[in-house]
2 protein chains.
Amino acid sequence: MATSLHAHVVEHLGSRIVSGQIPRGSIILAADLEQKLQVSRSVIREAVRVLAQCGLVNSTKRVGIRVLSAEHWNPYDDHVIRWRLASDHRGAQLRSLTELRIAVEPMAAELAAEVAPEALRKELMLLSAQMNHYGRMGDLRRFLELDIRFHAAVLAASGNEMFANLATPIGAILRGRTDLGLMPERPHEEALLWHQSVADAISNADPAAARRNMESIMRRTHNEISGLWEDEQRLFVDASKPK
Amino acid sequence: MATSLHAHVVEHLGSRIVSGQIPRGSIILAADLEQKLQVSRSVIREAVRVLAQCGLVNSTKRVGIRVLSAEHWNPYDDHVIRWRLASDHRGAQLRSLTELRIAVEPMAAELAAEVAPEALRKELMLLSAQMNHYGRMGDLRRFLELDIRFHAAVLAASGNEMFANLATPIGAILRGRTDLGLMPERPHEEALLWHQSVADAISNADPAAARRNMESIMRRTHNEISGLWEDEQRLFVDASKPK
DNA sequence: TGACACCAATCTGTGCAGGCATAAAAATAA
DNA sequence: TTATTTTTATGCCTGCACAGATTGGTGTCA
C-alpha cells in the first residue's frame, strides 16, 4: 500500500506509537531514525512533519522528537483511526466512532430527506432493495458491502461534507463487526425493514420518519456491539488545552 | 503565529487554495514555488506534504503539484476549517459545523451525565453560574468566553475524544457569531436557563434531561444563525471516492 | 558558604544547495 | 492501435551553515 518511502516511515512510526511500542514521552532522535530505518534525512523530516500534524509527535530543537500522549492525537485523522483500530485498545476507538455515528446518522438521514438530489434518493432505494435481497438470501459478504454503501450514501446525501467524510471509518467499523463474528447468521428482519424505511422516507422527503428509523438502526447497532468496550477506559481531555 | 518557515508556506498556499485564488485543477511546480517564495526545496517539500494530508494538493511525478477540488479537502483538519471560515464561502463551513454540533452536543450532554468525573460536573456548575452572573450583567465579552468554555467542558465531560476535539472549531463559531453581531444585546433568559439545566442534569446524573435541554439550546442556535448560509450551495461528495 | 544571575559550550532540528535516480506523460516509431 | 523512446518533474540523498534551547560553569553578592 505505502508506495513511497516516507509513507513507509509514517506507517512504521505511527503504528508503533499508537500501539504503545514506542512509549509516550520518550524522545527519538532524527539521526537515530536515519540509521535504524536506513533512509535519508529528507524522508525522516517529511514523515515527522506528517506525524506532527496527526498530533503523535512534537519535534523541538535541542531535545528531539517527543512522542505525545493519546490526548494530543487527532481523533479524526484517517491514519490515527486505522492505527487505533489495529491496536490493543481498539475498543476505545470503536466506542468513540459508534457514539459519533449514533449522533450523526439520524441527523444525516433527516437532512437527506430535505436536501438530497433525486439521483441519490434513487440510489438509496436501489441499495435498500438489494440489501433486502441478499440479506434474505443469507449472503452476508455481499450484504455487508451493501450496508456500508447504504450508510455512506445517506451520509453523502445529507450534503454535509463533515458527515460524508465519516463514511470511511464507519465502513471500517461495519467490516470489523462482521469480521469479529458479531453479526447474526442472517440480518434481522427488523433491521432490513428499518433500512428500507429510511430509504423510503428520504425518497418521500419525510425527514421525521427518516430520522426515526435511522435512530432505530442505531439503537440496535449500539446494543449489538457495546459489549466490546465494557472495560475500556474513557479519556477525558483537558478543556484548557496547550497550544 | 507561524514561526517556522515551512509553516509560512503552508499558510500561504493553503489559504490561497481554499479561497480560490489558486484555482482547483491547476498545477504548481515545486521549482516555481522555490523561486517565487524564495525558500529551499526541503521547505517546499515539507509544506506540500502537509497540504497533501489536508487533501488540498496531490503531488505526483512528472506532472507536479495538482490542486484538488473541495470535495477532497479534509473537513476536520484545523487548518482547513480556519481557512474556510476566513474565505468567501464561510457560510458552508458554518452550516456543516453547526449541523454537526446539533447532532453531537445533545449526545455529549447525555453521555456526560452518565460518565463524567465529579470534578468536571462541578466545573460545569461553576461555569453555568458564572454565565448567569455575567449574562444578566450584560457583559457580553465575558459571557462569550464562558459560553465557549461551557460547551467545551460538556464535550470533554462526555469522555469521547472525538466529541472533545470539536471544542476548538465550535469555539470559533461562537466567537464568529458575536463578531458578526448575531447575538442579542444580552443573552435570552431562556438560554441562560437551559445552560443551567444542562449543568444541573449532568451534575444529577440525569441523561435524558441533559439531552433535552441541550437540544433546546441547539434549536435556538440553529434558528439564530441559519440565515447565514441561505444561498450557500451544498456539496454532495461521491460515495465511491477515489483513493 | 550558598543563592542567583549571567555567559559559553553543546546538541539537535531547521534551512540551504546541488546531485543522481526514477516514474510517468508525451512524443515517436512500428 | 500498440510499442518504444524521450522528456521532465518529483523522490531521494548528502554536505554544510544556522538558530534556538538546554546545560553547566563562572562570577558576583549576600
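All figures in this text were calculated on a predicted structure; none of them were measured in a lab. Proteins get letters first, then strands, A, B, ... in listed order; numbering begins at 1 in each.
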Quiz item: Salt bridge check: are R234(A) and E99(A) linked by an N-O gap of less than 4.0 Å?
Solution: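 Here R234(A) pairs with E99(A) in a salt bridge, since their nearest N and O are under 4.0 Å apart.
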Quiz item: Going by atom types alone, do D77(B) and Q53(A) pair a side-chain donor with an acceptor below 3.5 Å?
Solution: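 Looking only at side-chain atoms, Q53(A) and D77(B) do form a donor-acceptor pair, the distance falling under 3.5 Å.
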Quiz prompt | Pairs where residues 166-177 of chain B contributes a residue and the test salt bridge (charged side-chain N to carboxylate O under 4.0 Å, His left out) is met, not counting sequence neighbours | solution =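 Applying salt bridge (charged side-chain N to carboxylate O under 4.0 Å, His left out) to every pair that reaches into residues 166-177 of chain B, excluding sequence neighbours, yields E145(B)-R175(B), D147(B)-R177(B), R177(B)-E224(B).
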Quiz item: Tell me the salt bridge (charged side-chain N to carboxylate O under 4.0 Å, His left out) pairs involving residues 28-43 of chain B, sequence neighbours left out?
Solution: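 Output for this query lists E34(B)-R41(B).
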Quiz prompt | Consecutive-pair stems (3 or more, Watson-Crick or G-U, under 3.5 Å) for DNA chain D | solution =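 Runs of three or more consecutive pairs: C:1-30 with D:1-30.
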Quiz item: Do R24(A) and H72(A) come within less than 4.5 Å of each other through their side chains, counting heavy atoms only?
Solution: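 The answer is no; the side chains never approach within 4.5 Å.
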Quiz prompt | Heavy-atom donor-acceptor pair, R121(A) side chain to A116(A) backbone, under 3.5 Å | solution =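 Answer holds: yes.
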Quiz prompt | Any donor-acceptor pair under 3.5 Å from Q38(A) side chain to Q35(A) backbone | solution =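 Yes, because the side chain of Q38(A) sits within donor-acceptor range (under 3.5 Å) of the backbone of Q35(A).
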Quiz item: Which residues pass the side chain to side chain contact (heavy atoms under 4.5 Å, CB included) test with A199(A), sequence neighbours left out?
Solution: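 Side chain to side chain contact (heavy atoms under 4.5 Å, CB included) list for A199(A), sorted by chain: L124(A), M125(A), S128(A), F150(A).
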Exercise. Please find the earliest and latest nucleotides of DNA chain D, in the 5' to 3' direction, that have an atom within less than 4.0 Å of any heavy atom of chain B.
Key: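 With heavy atoms of chain B under 4.0 Å away, the range is dT7(D) to dC12(D).
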Quiz item: What string of B, S and - do you get for nucleotides 10-16 of chain C, 5' to 3', when a contact is any protein heavy atom under 4.0 Å?
Solution: BBBBBBB
Quiz item: Should we say atom CD of Q21(A) is surrounded by more than 12 heavy atoms from elsewhere, each under 6.0 Å from it?
Solution: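 Yes, because the 6.0 Å sphere around CD of Q21(A) holds more than 12 heavy atoms from other groups.
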Quiz item: For the residue pair H151(A) and H195(A), does the interplanar ring angle fall in the parallel (under 30°), tilted (30 to 60°) or perpendicular (over 60°) class?
Solution: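 Judged by the thresholds at 30° and 60°, the geometry between H151(A) and H195(A) is perpendicular.
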